[in-house]
Peer 1: 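Here it is, the structure in full.
Position 1 is the first residue of the sequence; numbering continues from there.
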Amino acid sequence: MAYWLVKSEPSVWSWEQQVAKGAKGEAWTGVRNYTARQNLVAMKKGDKAFYYHSNEGKEIVGIAEVIKEAYPDPTDKTGKFVCVDIKADKPLKNPVTMAAIKAEKKLADMALVKYSRLSVQPVTAEEWKLVCKMAGM
């Protein structure tokens with residue numbers, strides 16, 4: 001299993017909205033960055049992803065699961081981009097803020113710190129374990 005982080009502004013698509021979709025999940029559409037696209041293509045069914053509220057909140061609030069692998073993004077008129085379907089798995093006991101992540105020296109190389117604008121990013125197994133620990137899980 002691989003680990004990821006997906007970002008959404010809560011005013012656009014919040015963790016609560018993702019949770020409300022239940023087991024059927026929702027298509028993660030609208031990604032228009034080629035690096036993020038490659039990350040979506042690499043996602044496999046069963047992979048886990050941190051759900052990060054960007055701009056407002058700036059914190060990891062939950063864990064999502066990939067339930068359908070990459071397919072053409074129906075919101076992309078060019079046909080160049082893809083989406084995956086994700087479902088909410090569980091909320092974090094304690095959300096982990098960007099400030100807390102930046103303060104943890106062991107996370108200095110995390111994509112969230114180095115490539116903060118990238119909307120879909122890989123997370124290493126070590127980073128995953130540490131963030132989960134920081135979240136009280």
Side-chain angles (χ1 to χ4, degrees):
M1 177 184 358
Y3 299 105
W4 307 93
L5 182 140
V6 294
K7 296 167 76 175
S8 181
E9 294 177 29
S11 63
V12 176
W13 188 254
S14 69
W15 171 250
E16 292 75 19
Q17 288 172 292
Q18 188 66 51
V19 169
K21 286 295 181 173
K24 70 178 175 131
E26 181 72 7
W28 198 258
T29 60
V31 173
R32 299 296 183 266
N33 171 285
Y34 285 99
T35 302
R37 177 194 183 280
Q38 290 309 109
N39 291 333
L40 287 170
V41 169
M43 288 179 162
K44 300 297 177 209
K45 190 174 179 179
D47 284 356
K48 300 287 186 182
F50 285 133
Y51 198 103
Y52 181 83
H53 275 168
S54 61
N55 293 336
E56 309 145 39
K58 294 185 180 179
E59 59 189 358
I60 299 171
V61 295
I63 295 174
E65 180 179 338
V66 177
I67 57 172
K68 184 176 180 183
E69 295 179 13
Y71 60 96
D73 183 336
T75 68
D76 174 29
K77 294 176 183 169
T78 70
K80 294 177 184 175
F81 293 95
V82 299
C83 62
V84 298
D85 289 358
I86 65 170
K87 70 172 183 172
D89 183 19
K90 58 187 157 213
L92 294 190
K93 287 182 183 178
N94 305 304
V96 179
T97 65
M98 174 65 108
I101 289 167
K102 285 183 174 180
E104 173 53 65
K105 290 181 180 141
K106 292 178 185 172
L107 296 175
D109 289 328
M110 189 173 182
L112 185 60
V113 175
K114 294 181 94 173
Y115 310 105
S116 62
R117 295 185 52 85
L118 188 61
S119 62
V120 180
Q121 12 180 287
V123 175
T124 68
E126 295 77 23
E127 292 165 347
W128 185 270
K129 288 177 196 165
L130 183 52
V131 171
C132 286
K133 184 178 177 184
M134 292 168 72
M137 301 179 79

Peer 1: Do N39 and P122 touch side chain to side chain, with heavy atoms closer than 4.5 Å?
Peer 2: yes

Peer 1: Please name the pair of heavy atoms, one in Q121 and one in A111, separated by the smallest distance, quoted to 0.1 Å.
Peer 2: OE1-C, 3.3 Å

Peer 1: To the nearest 0.5 Å, how far apart are OG in S8 and CD in Q17?
Peer 2: 8.0 Å

Peer 1: Look up atom NZ in K45 and atom NZ in K68, then write down how far apart they are to the nearest 0.5 Å.
Peer 2: 10.0 Å

Peer 1: Taking transitive links into account, so neighbours of neighbours count too, which hydrophobic residues share a cluster with I67 at under 4.5 Å side-chain distance?
Peer 2: none

Peer 1: So, using ring-ring contact (aromatic ring centres under 6.0 Å, His included) as the criterion, who are the partners of W4 when residues are at least two apart?
Peer 2: none

Peer 1: Do the side chains of Y115 and M110 join up, straight or via other hydrophobic residues, at under 4.5 Å, putting them in one cluster?
Peer 2: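 No; M110 is not reachable from Y115 via cluster members.
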
Peer 1: Could you give all pairs that pass the salt bridge (charged side-chain N to carboxylate O under 4.0 Å, His left out) test and reach residues 95-109, with sequence neighbours left out?
Peer 2: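 For residues 95-109: D109-K114.
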
Peer 1: How would you list all residue pairs meeting side chain to side chain donor-acceptor pair (under 3.5 Å) that involve residues 91-101, not counting sequence neighbours?
Peer 2: none

Peer 1: Quick check: is I60 connected to L107 through a chain of hydrophobic side chains (ILVMFWY, heavy atoms under 4.5 Å apart)?
Peer 2: yes

Peer 1: Any idea which heavy atoms bring E59 and P95 closest together, and the distance?
Peer 2: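 In this case the closest contact between E59 and P95 is OE1-CB, 3.4 Å.
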
Peer 1: Do P74 and C83 come within less than 4.5 Å of each other through their side chains, counting heavy atoms only?
Peer 2: yes

Peer 1: With clusters defined by side-chain heavy atoms of hydrophobic residues (ILVMFWY) lying less than 4.5 Å apart, directly or transitively, does W28 cluster with V61?
Peer 2: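 Yes, it is one cluster - the side chains of V61 and W28 are joined through contacts under 4.5 Å.
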
Peer 1: Which pair of non-hydrogen atoms, one from A70 and one from V84, has the smallest distance, and what is that distance?
Peer 2: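 Scanning both residues, the minimum pair turns out to be N-CG1, 3.7 Å.
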
Peer 1: For Q38, enumerate each residue passing the side chain to side chain donor-acceptor pair (under 3.5 Å) test, keeping only those at least two apart in sequence or located in another chain.
Peer 2: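 By the side chain to side chain donor-acceptor pair (under 3.5 Å) rule, Q38 matches no residue at all.
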
Peer 1: Just jot down the side chain to side chain contact (heavy atoms under 4.5 Å, CB included) partners of P72, sequence neighbours excluded, or say none.
Peer 2: none

Peer 1: For the residue pair M98 and Y52, what are the closest heavy atoms and their distance?
Peer 2: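 Heavy atoms only, the tightest pair is CB-OH, 3.5 Å.
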
Peer 1: Atom CE in M43, atom CD1 in I86: separation rounded to 0.5 Å?
Peer 2: 7.5 Å

Peer 1: May I ask whether V41 and F81 are part of the same hydrophobic cluster, defined by side-chain heavy atoms of I, L, V, M, F, W, Y residues being less than 4.5 angstrom apart, directly or through others?
Peer 2: no

Peer 1: Are the side chains of L112 and F50 in touch, meaning some heavy atoms are under 4.5 Å apart?
Peer 2: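 No, their side chains stay 4.5 Å or more apart.
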
Peer 1: Quick one: list whatever passes side chain to side chain contact (heavy atoms under 4.5 Å, CB included) with K44, sequence neighbours left out.
Peer 2: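 K44 satisfies side chain to side chain contact (heavy atoms under 4.5 Å, CB included) with D47, E69 only.
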
Peer 1: Please list, chain by chain and in numerical order, all residues satisfying side chain to side chain donor-acceptor pair (under 3.5 Å) with E9, sequence neighbours excluded.
Peer 2: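 With neighbours one apart ignored, the set is N55.
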
Peer 1: For A88 versus W15, what's the shortest heavy-atom pair and its separation?
Peer 2: CB-CH2, 3.6 Å

Peer 1: Hey, could you give me each pair passing side chain to side chain donor-acceptor pair (under 3.5 Å) that has a residue in residues 75-90? Not counting sequence neighbours.
Peer 2: R32-T75, K48-D89, Y71-D85, D73-T75, D76-T78

Peer 1: In terms of hydrophobic clustering (I, L, V, M, F, W, Y; side-chain heavy atoms under 4.5 Å; direct or indirect links), are V82 and V31 co-clustered?
Peer 2: yes

Peer 1: Do you know which two heavy atoms are closest between I101 and V113, and how far apart they sit?
Peer 2: CG2-CG2, 3.7 Å

Peer 1: Not counting sequence neighbours, which residues clear ring-ring contact (aromatic ring centres under 6.0 Å, His included) with W13? List them please.
Peer 2: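 Partners of W13 under the ring-ring contact (aromatic ring centres under 6.0 Å, His included) test: none.
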
Peer 1: Which pairs would a plain distance check flag for residues 124-137, meaning a side-chain donor or acceptor within less than 3.5 Å of a matching protein atom at least two apart in sequence or in another chain?
Peer 2:
{"from": "T124", "atom 1": "OG1", "to": "E127", "atom 2": "N", "distance (Å)": "3.0"}
{"from": "T124", "atom 1": "OG1", "to": "E127", "atom 2": "OE1", "distance (Å)": "3.4"}
{"from": "E127", "atom 1": "OE1", "to": "T124", "atom 2": "N", "distance (Å)": "2.9"}

